[in-house]
Amino acid sequence: SEILFFSAGMAAGALAHANYHKLKEALGPLVAGAMNGAGGPLGDRCAEVVRAVAEKIEAVQDAMSEMSQVIRFALSRSRKR
């Protein structure tokens, strides 16, 4: 399953690389328009979403760290017995 996704990504990347100049000409104005509008309300909303996701990731990392410390403590106590 993962090899299938990897292979599809490689094929898509090779296809995009082979047609880079055509894609650049076709998508250049679209990307430029999106970048000009990125400072507006859409950009602000995207920044809020990224900030919220980062906070959730940090919370999960903190929980994992605490769990790791509890496990280390429990293992050290069991080895002393």
Side-chain angles (χ1 to χ4, degrees):
S1 167
E2 292 168 351
I3 293 175
L4 179 64
F5 288 116
F6 178 75
S7 299
M10 291 291 292
L15 185 62
H17 178 70
N19 296 307
Y20 176 73
H21 295 292
K22 292 178 187 175
L23 289 171
K24 185 177 177 183
E25 289 174 8
L27 299 177
L30 179 64
V31 171
M35 294 304 288
N36 287 337
L42 177 63
D44 294 341
R45 180 65 185 137
C46 287
E48 290 176 22
V49 169
V50 168
R51 192 174 310 116
V53 169
E55 289 173 358
K56 290 184 188 255
I57 290 172
E58 184 177 355
V60 169
Q61 288 174 337
D62 290 345
M64 290 174 63
S65 176
E66 289 176 12
M67 187 179 298
S68 176
Q69 290 175 357
V70 168
I71 290 170
R72 275 192 230 121
F73 177 75
L75 288 174
S76 69
R77 294 207 25 120
S78 68
R79 289 180 185 155
K80 290 180 181 179
R81 291 182 185 186

- Trace of the side chain to side chain donor-acceptor pair (under 3.5 Å) decision for Ser76 with Arg72: CA-CA 6 Å; Ser76 69; Arg72 275 192 230 121; over 6 Å; no
- Residues two or more places apart in sequence or in another chain: which of them pass side chain to side chain contact (heavy atoms under 4.5 Å, CB included) with Val53?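 Testing Val53 for side chain to side chain contact (heavy atoms under 4.5 Å, CB included), a comparison that skips the adjacent residues, returns Val49, Ile57.
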- Backbone N or O of Ile3 within a donor-acceptor pair of the Ser7 side chain at under 3.5 Å?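 Such a contact is found between Ser7 side chain and Ile3 backbone.
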